[in-house]
Amino acid sequence: MPNIYLEQADSLVAEGKLGEAILLLEEAVENGKETASIAKLLAQLSLQINEVRAFQSWCHEALRMDPNDLEVYTMLETYFRENGRDFEADEVREIAASIKP
(Lines give C-alpha, C1' and ligand atoms only; values in the text may rest on other atoms or scores of the structure.)
Protein backbone atom coordinates (compact mmCIF):
# COMPACT_ATOMS: atom_id res chain seq x y z
CA MET A 1 0.00 0.00 0.00
CA PRO A 2 1.55 3.31 -1.04
CA ASN A 3 2.22 5.84 1.66
CA ILE A 4 0.68 9.17 0.67
CA TYR A 5 2.94 11.06 3.08
CA LEU A 6 6.07 9.59 1.50
CA GLU A 7 4.80 10.29 -2.00
CA GLN A 8 3.99 13.90 -1.17
CA ALA A 9 7.31 14.35 0.66
CA ASP A 10 9.22 12.94 -2.31
CA SER A 11 7.49 15.49 -4.57
CA LEU A 12 8.38 18.33 -2.21
CA VAL A 13 12.00 17.18 -2.03
CA ALA A 14 12.15 17.04 -5.84
CA GLU A 15 11.00 20.67 -5.85
CA GLY A 16 13.73 21.57 -3.36
CA LYS A 17 11.24 22.18 -0.56
CA LEU A 18 13.03 20.26 2.18
CA GLY A 19 11.49 22.21 5.05
CA GLU A 20 7.98 21.57 3.78
CA ALA A 21 8.76 17.87 3.30
CA ILE A 22 10.04 17.64 6.88
CA LEU A 23 6.92 19.37 8.21
CA LEU A 24 4.68 17.01 6.24
CA LEU A 25 6.48 13.93 7.55
CA GLU A 26 6.44 15.27 11.11
CA GLU A 27 2.69 15.76 10.70
CA ALA A 28 2.40 12.09 9.70
CA VAL A 29 4.24 11.13 12.89
CA GLU A 30 1.99 13.37 14.99
CA ASN A 31 -1.07 11.76 13.39
CA GLY A 32 0.13 8.25 14.25
CA LYS A 33 1.07 7.39 10.66
CA GLU A 34 4.76 6.91 11.37
CA THR A 35 6.59 4.12 9.56
CA ALA A 36 10.23 3.12 9.43
CA SER A 37 10.37 4.61 5.93
CA ILE A 38 9.07 7.96 7.18
CA ALA A 39 11.60 7.98 10.02
CA LYS A 40 14.38 7.09 7.58
CA LEU A 41 13.43 9.89 5.20
CA LEU A 42 13.23 12.33 8.11
CA ALA A 43 16.75 11.24 9.07
CA GLN A 44 18.04 11.83 5.54
CA LEU A 45 16.39 15.23 5.28
CA SER A 46 17.60 16.25 8.73
CA LEU A 47 21.17 15.53 7.73
CA GLN A 48 20.75 17.55 4.54
CA ILE A 49 19.89 20.61 6.62
CA ASN A 50 22.70 19.86 9.09
CA GLU A 51 20.44 18.81 11.97
CA VAL A 52 22.74 16.04 13.22
CA ARG A 53 20.86 15.28 16.43
CA ALA A 54 17.60 14.93 14.53
CA PHE A 55 19.37 12.70 11.99
CA GLN A 56 20.58 10.37 14.70
CA SER A 57 17.26 10.37 16.51
CA TRP A 58 15.32 9.52 13.37
CA CYS A 59 17.80 6.77 12.47
CA HIS A 60 17.29 5.22 15.89
CA GLU A 61 13.53 5.55 15.54
CA ALA A 62 13.65 3.84 12.13
CA LEU A 63 15.70 1.02 13.62
CA ARG A 64 13.28 0.69 16.52
CA MET A 65 10.52 0.02 14.00
CA ASP A 66 12.63 -2.09 11.62
CA PRO A 67 15.83 -3.32 13.27
CA ASN A 68 16.83 -5.19 10.10
CA ASP A 69 16.91 -2.15 7.78
CA LEU A 70 20.50 -2.26 6.60
CA GLU A 71 20.16 1.09 4.82
CA VAL A 72 19.83 2.88 8.17
CA TYR A 73 22.99 1.22 9.46
CA THR A 74 24.77 2.31 6.28
CA MET A 75 23.55 5.88 6.75
CA LEU A 76 24.86 5.95 10.30
CA GLU A 77 28.16 4.33 9.40
CA THR A 78 28.72 6.79 6.56
CA TYR A 79 27.96 9.77 8.77
CA PHE A 80 30.25 8.56 11.55
CA ARG A 81 33.07 7.71 9.15
CA GLU A 82 32.85 11.07 7.34
CA ASN A 83 33.07 12.85 10.69
CA GLY A 84 36.08 11.00 12.08
CA ARG A 85 34.02 8.89 14.44
CA ASP A 86 35.52 5.60 13.30
CA PHE A 87 34.87 3.71 16.54
CA GLU A 88 31.12 4.38 16.22
CA ALA A 89 31.21 3.61 12.51
CA ASP A 90 32.87 0.27 13.25
CA GLU A 91 30.26 -0.51 15.91
CA VAL A 92 27.42 0.19 13.48
CA ARG A 93 29.06 -1.91 10.77
CA GLU A 94 29.49 -4.77 13.23
CA ILE A 95 25.82 -4.68 14.21
CA ALA A 96 24.74 -4.57 10.56
CA ALA A 97 26.98 -7.53 9.73
CA SER A 98 25.25 -9.59 12.40
CA ILE A 99 21.82 -9.15 10.82
CA LYS A 100 20.54 -12.08 8.84
CA PRO A 101 18.83 -11.05 5.59
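The figures that follow rest on heavy atoms only: side chains count, while hydrogens, waters and symmetry mates do not. All values derive from a computational prediction rather than experimental measurement.
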Do you know which two heavy atoms are closest between Asp66 and Ala36, and how far apart they sit?
CB-CB, 3.8 Å
Who pairs with Lys17 by side-chain hydrogen bond (donor to acceptor under 3.5 Å, both in side chains), at least two apart in sequence or on another chain?
Glu15
How far does OG of Ser46 sit from CD of Glu26, to the nearest 0.5 angstrom?
7.5 Å
Going by ring pair (Phe, Tyr, Trp, His ring centres under 6.0 Å), name the residues that satisfy it together with Tyr5, two or more places apart in sequence or in a different chain.
none
When you group the ILVMFWY residues by side-chain heavy-atom contacts below 4.5 Å and let the links chain together, are Leu41 and Met65 in the same group?
no
Which atoms form the tightest heavy-atom contact between Val13 and Ala21, and what is the distance?
CG2-CB, 3.8 Å
Is atom CG of Asn31 surrounded by more than 12 heavy atoms (other residues, nucleotides or ligands) closer than 6.0 Å?
yes
Closest non-hydrogen atoms of Ile95 and Tyr73, given as atom of the first, atom of the second and distance, are CG2-CE2, 3.5 Å
Rounded to the nearest 0.5 Å, what's the gap from OG on Ser57 to CZ on Arg64? Could you check?
12.5 Å
Pairwise distance CD(Gln8) to CG(Asn3) - rounded to 0.5 angstrom
9.0 Å
Using the rule given for side chain to side chain contact (heavy atoms under 4.5 Å, CB included), can you reason through Trp58 versus Val29, listing the C-alpha separation, both sets of side-chain angles and the distance that settles it, and then say yes or no?
CA-CA 11 Å; Trp58 286 118; Val29 172; 3.9 Å; yes
Test item: Arg81 and Asp90 side chains (from C-beta on) under 4.5 Å apart, heavy atoms:
yes
CD/Glu94: more than 12 non-hydrogen atoms of other groups inside 6.0 Å
no
Which atom names give the shortest non-hydrogen contact between Met75 and Cys59, and what distance separates them?
CE-SG, 3.9 Å
Shared hydrophobic cluster for Leu47 and Leu63 (ILVMFWY, side-chain gaps under 4.5 Å):
yes
Set of residues satisfying ring pair (Phe, Tyr, Trp, His ring centres under 6.0 Å) with respect to Phe55, sequence neighbours excluded:
Tyr79
Do Ile38 and Leu42 have side chains that approach each other closer than 4.5 Å (heavy atoms only, starting at C-beta)?
yes
What is the distance from atom CD1 of Ile22 to atom CD of Gln44, rounded to the nearest 0.5 Å?
11.0 Å
Walk me through whether His60 and Val72 qualify under side chain to side chain contact (heavy atoms under 4.5 Å, CB included).
CA-CA 8 Å; His60 290 292; Val72 180; over 6 Å; no
Taking the side chain as everything from C-beta on, heavy atoms only, tell me whether Asn83 gets closer than 4.5 Å to Val52.
no
Just wondering, do Thr74 and Leu76 contact through their side chains at under 4.5 Å, heavy atoms?
no
Side-chain heavy atoms under 4.5 angstrom apart, residues restricted to Ile, Leu, Val, Met, Phe, Trp, Tyr: same cluster for Phe80 and Leu70?
yes
State plainly whether one hydrophobic cluster holds both Leu45 and Leu23, where clusters connect Ile, Leu, Val, Met, Phe, Trp and Tyr through side-chain heavy atoms under 4.5 angstrom apart.
no
Please round to the nearest 0.5 Å and tell me the distance separating atom CG of Leu25 and atom CD of Glu30.
11.5 Å
How far does CD of Glu20 sit from CD of Glu27, to the nearest 0.5 angstrom?
12.0 Å
Show the nearest heavy-atom pair for residues Leu24 and Ala9, with the distance to one decimal.
CD2-N, 3.5 Å
